[in-house]
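Below is one structure, written out as structure tokens; comments come after it.
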Amino acid sequence: MQITAKSDITQLKGIGDKLKKNFENLNINTVGDLIRHIPFRYRDTREIFTIQKFKESKEGTFLAQIVDTKNIYLRNRKKLTKVRVSDNSDKLDLSFFNQTYLTKVLKKGDWYIFDGKISTKDNRSIYNPKYEKYEGDTDLQTNLGKIYGIYHETKGLTSRNIRKIIYNIKNDIPKVVKEYLPTEILQKEKLITIEDALEQIHFPDNKDSLNMARNRLAFDEMLSVAIKIEENVLERCKQKSQKINLDEKLHKEFFKSLPYKLTKDQTDSIKEIFKDIQKTKPMNRLLNGDVGSGKTVVAASCILQSIRDGYSAILLAPTTVLAKQHFETLNEILKPFNIDIELCISQEKTVSDADNKLIIGTHAVLYQKELPKDLNLLIVDEQHRFGVEQREQLLKIGKYTPHYLTMTATPIPRSLTEVVFGSTDISTIKEKPRNRIDIDTKYVPINKRENCFQWVDQKIKNSNLKEQAFFIYPVIEETESDIKSVKGQYEILKEKYFKDLKVALLHGRMKSNEKNKILDDFKNKKYNILISTSVIEVGIDIPDATVIVIENAERFGLAQLHQLRGRVGRGKLQSYCFVIPSENIEKKEFALERLKYFAKHDSGFDVAEYDLSQRGPGEVYGINQSGIPQFKVASLTDTELLKECRKVASQLLLDNNTNIEKLNKNLFR
Ligand code: ADP
Ligand code: MG
């Protein structure tokens, strides 16, 4: 029977129900999935040594003849197979564990290619080397003697099994996958066909052909991102917002009314936003700035212009606490300008039917039946907390598409913005307001933990209970022994270290009005110390909180640590952030290094870039919600390739003969 990309893998020789289950663990169900499961690494075994040379270099690939095999049953019930091999130059003993069948497979007199290394423990043994029968010519080999791929494995399915199964259908690849890109594009971009690319990515002839294969697959991956970006761009071109007429005089008044001078980055961002909102093309801009860089006032300046020109605006925050905080802040900033501001944080309470106003709220806004039809500006704080559909829904509220601004407090490194925010314009606030004193971050070794607590106790007392502190723990309840929990530490800290102070507990499993009350009380100095999980992560403004202590700190991502650090240093006082690792951190050199880097760098952009280079985007941002593509081959930071792919994508989108949907489905990714 003819196999196709859609054929179930059980149609392939040697794959029964049991293997099918194993393949499912790798998300492989069809022959198409299997062919797209490509190696993540390669091993080059083309250079074939003599035994003598192998002994010298202590590792590598060599060709040898089987002299003798025998099984030895060890006392610990392990079974050892000893295989003696030789060539003209020398002889060698190989050891295999628990593979007694090898005495039948490796027949005396046969030539085999082996790949392995000499154990550094005894400088003699060679354990479980890879082996493959020599076919008389390395061209005829499947793995050894070639560059071979190493695949992600799963229980019951080794890389070797996978390679063998794919090797069996190697010649069917052109039947299963048919080129879907127009020939002109392949020629112009100097790309090999998808059939060739998929064959070479699994079984490369040489390094060049492997590179060509990688280039082709990377192009596909990037093209699918580029198509999405260009589709967004086109979609936006079709929509219309209302022009907002700028009132320069009003802006000057606003500027003068502020108790501080705006930073250059703030001024530049405002200029960029003002330029956008004067057009009928909807603004689609990201305000990318560190915690405390002063994004709110930038948003306020554009809200003011929009409202004064006769339109409504919505400002969305991810939590009730943040929405309330924005409500307070904006009431304050916009007080001199008499603006109608409504807070909407509950589905039950309906907003008034007045138009030309500002609504500040949470998701609850989405459930309102009546929203102002004159909406012309939508600002979303921490957009990643909202789903794509929710955002789309909001863009359709009014009579026209509103201008759209998102703000993020997780600074996104430049190297990522183009792939992730390709169709979005970006304003960046890098510099901090000038009056800001840097937060003093210290890495506290676990044996100095108590000293640190005493210092905090003194610090609060010396300030006459004006200053406050946060203690952050990774979990609510104890599960693993060396991970501290808020509940557990709340009892200990209160009884043992901060007897004279008032300590409160906060975590994500509390009801939201309970949480809000505790935060309010903390802000109003009913408590000196707040012990919390990372629920206090985003945007909380407690000006007198000057100390944050984070325990089991290596359990948090750097971006998250940076967010947490941003909870202090919001007032005029010198603030401190202490990161304390888990007990066993010394063993985790890498985690330790990360924390030390964090302690030395106070820019969120630096921290994010470092975290990204160390852990990759999936770990840092969480793949699903962030919109960061998961490439197998392409590099997220390859902006040249993205540029090229965007050109091709926009060409394809304009070409009526291309079925984009179908193409998109086919593209390798
Ligand atoms: P974020 O970017 O994290 O949203 P905010 O907008 O909450 O930051 O601003 C943090 C604090 O900095 C606020 O208290 C705000 O009043 C203050 N601020 C903003 N811009 C300036 C400035 N240019 N000079 C001094 N303080 C500023
Ligand atoms: Mg903010």
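Counting starts at 1 for both ligands and their atoms, in listed order. In what follows, every heavy atom counts, from backbone to side chain, and hydrogens, waters and symmetry copies are set aside.
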Quiz item: Which protein heavy atom lies closest to atom 22 (C) of ligand 1, and at what distance to 0.1 Å?
Solution: Tyr260 CD1, 3.2 Å
Quiz item: Does the gap between the ring centers of Phe470 and Phe522 come in under 6.0 Å?
Solution: yes
Quiz item: Which ligand 1 atoms does Ser293 reach within 4.0 Å, using its non-hydrogen atoms?
Solution: 2 (O), 8 (O)
Practice problem: Check ligand 1 against Asp290 and write out every atom of the ligand that is under 4.0 Å from a heavy-atom position of the residue. | Solution: 2 (O)
Quiz item: What is the nearest protein non-hydrogen atom to atom 4 (O) of ligand 1, stated with its residue, atom name and distance?
Solution: Thr296 OG1, 3.5 Å
Quiz item: Do Tyr443 and Phe578 have ring centres separated by under 6.0 Å?
Solution: no
Self-check item: Ionic contact status for Arg449 with Glu551, cut-off 4.0 Å
Solution: yes
Quiz item: Protein heavy atoms: any of them under 4.0 Å from atom 17 (C) of ligand 1?
Solution: yes
Quiz item: Can you find a heavy atom in the side chain of Phe254 that is under 4.5 Å from one in the side chain of His251?
Solution: yes
Quiz item: Is the side chain of Asn528 donor-acceptor paired with the backbone N or O of Leu501 at a distance under 3.5 Å, no angle test?
Solution: no
Quiz item: Closest non-hydrogen protein atom to atom 9 (O) of ligand 1, residue and atom name please, with distance?
Solution: Gly294 CA, 3.6 Å
Self-check item: Sub-4.0 Å atoms of ligand 1 with respect to non-hydrogen atoms of Leu262
Solution: 23 (N)
Quiz item: When you measure from atom 12 (O) of ligand 1 to every protein heavy atom, which one gives the shortest distance, and what is it?
Solution: Arg436 NH2, 2.8 Å
Quiz item: What do you reckon, does Gly292 have a nitrogen or oxygen under 3.5 Å from a nitrogen or oxygen of ligand 1?
Solution: yes
Quiz item: Which residue supplies the protein heavy atom nearest to atom 20 (N) of ligand 1, what is that atom called, and how far is it?
Solution: Gln266 NE2, 2.9 Å
Quiz item: Hey, are Arg594 and Glu554 close enough for a salt bridge, meaning a charged N less than 4.0 Å from a carboxylate O?
Solution: no
Self-check item: Lys261: numbered ligand 1 atoms lying under 4.0 Å from its heavy atoms
Solution: 22 (C), 23 (N), 24 (N)
Practice problem: Under 4.0 Å from a heavy atom of Val291: give me the atoms of ligand 1 that qualify, with their elements. | Solution: 3 (O)
Self-check item: Ring centre gap for His363 and Tyr367 strictly below 6.0 Å
Solution: no
Quiz item: Below 6.0 angstrom between ring centroids: does that apply to Phe471 and Phe498?
Solution: yes
Quiz item: Among the heavy atoms of Arg570, does any lie under 4.0 Å from an atom of ligand 1?
Solution: yes
Quiz item: Is Glu235 paired with Lys238 through a side-chain N to carboxylate O contact shorter than 4.0 Å?
Solution: yes
Quiz item: What is the nearest protein non-hydrogen atom to atom 14 (O) of ligand 1, stated with its residue, atom name and distance?
Solution: Asp541 OD2, 4.3 Å
